[in-house]
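Keep in mind that the numbers below use all heavy atoms, side chains included, and drop hydrogens, waters and symmetry copies. Quick note on labels: first sequence line is chain A, next is B, and so on, each numbered from 1.
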Amino acid sequence: EAGVVQSPRYKIIEKKQPVAFWCNPISGHNTLYWYLQNLGQGPELLIRYENEEAVDDSQLPKDRFSAERLKGVDSTLKIQPAELGDSAVYLCASSKGRGGELFFGEGSRLTVL
Amino acid sequence: GESVGLHLPTLSVQEGDNSIINCAYSNSASDYFIWYKQESGKGPQFIIDIRSNMDKRQGQRVTVLLNKTVKHLSLQIAATQPGDSAVYFCAENRGGATNKLIFGTGTLLAVQP
């Protein structure tokens, strides 16, 4: 069974440019998470979806970050415009419900120059 | 406030020795704890979890100990192998859920051959 798939794995952009990350969760997992991980730090939750509904986006900087999961399967996280401080790894994870084990993708590493 | 932290940012052990990675948490309401392993360039991977009604849980070569009195969590790895080299994170939540995990900073385990 395929795990959580993320793309791109690496992205280098100049500040003020837009960037988008894509995530395809494990089949059958209705809960999808986007996490931000800075170097040497633990992941921090940005947004959680239950099916197509964003049920927790309290940590998402809404002035420049947006996310969607239109059909309740794959999801896109967008940053526009990107800032130098956005350089980090963006992790996607999925689970079977709020109490299920989280399975993480390999992450998308963003470098903003 | 809520926080989960690790005492040792880096732990170096000899192959074959036992490893102990420690974690302190500050939220006494937390009742569910998970240890994750993260290898370079990959997402965190579930190792073992424990609920607050237990003080010890064993897996394959790993044991998690929970001391609620001093709000301390530890991960013991028996007969440490080179493949155990990674960053280890503890994470906490409430209600047995994984929907809002709070991750600690991480400990780098370096296994010397």
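There is no contact between A:S108 and chain B, counting heavy-atom distances below 4.5 Å. Only the side chain of A:Y35 has a heavy atom closer than 4.5 Å to any heavy atom of chain B. Residue A:E44: no heavy atom, backbone or side chain, is found under 4.5 Å from chain B. Proximity to chain A is absent for every atom of B:Q45, based on heavy atoms less than 4.5 angstrom apart. Of the atoms belonging to A:R109, not a single heavy atom falls under 4.5 Å from chain B.
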_Test ring pair (Phe, Tyr, Trp, His ring centres under 6.0 Å) on A:Y33 and A:Y49; report intermediate values, then the result._
CA-CA 6 Å; A:Y33 310 75; A:Y49 282 93; 9.8 Å; no

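When only modelled atom types and interatomic distance are considered, A:T31 and A:E50 share a side-chain donor-acceptor pair under 3.5 Å. In the model, B:Q112 has a side-chain atom that pairs as donor or acceptor with a side-chain atom of B:S12 under 3.5 Å.
Ring-centre distance between B:Y36 and B:F89: not below the 6.0 Å cut-off.
A tilted orientation is assigned to the rings of B:Y25 and B:F33, their planes being inclined by 30° to 60°.
For the set A:D56, A:V55, A:V4, A:N38, the entry with the most heavy-atom pairs within less than 4.5 Å of chain B is A:D56.
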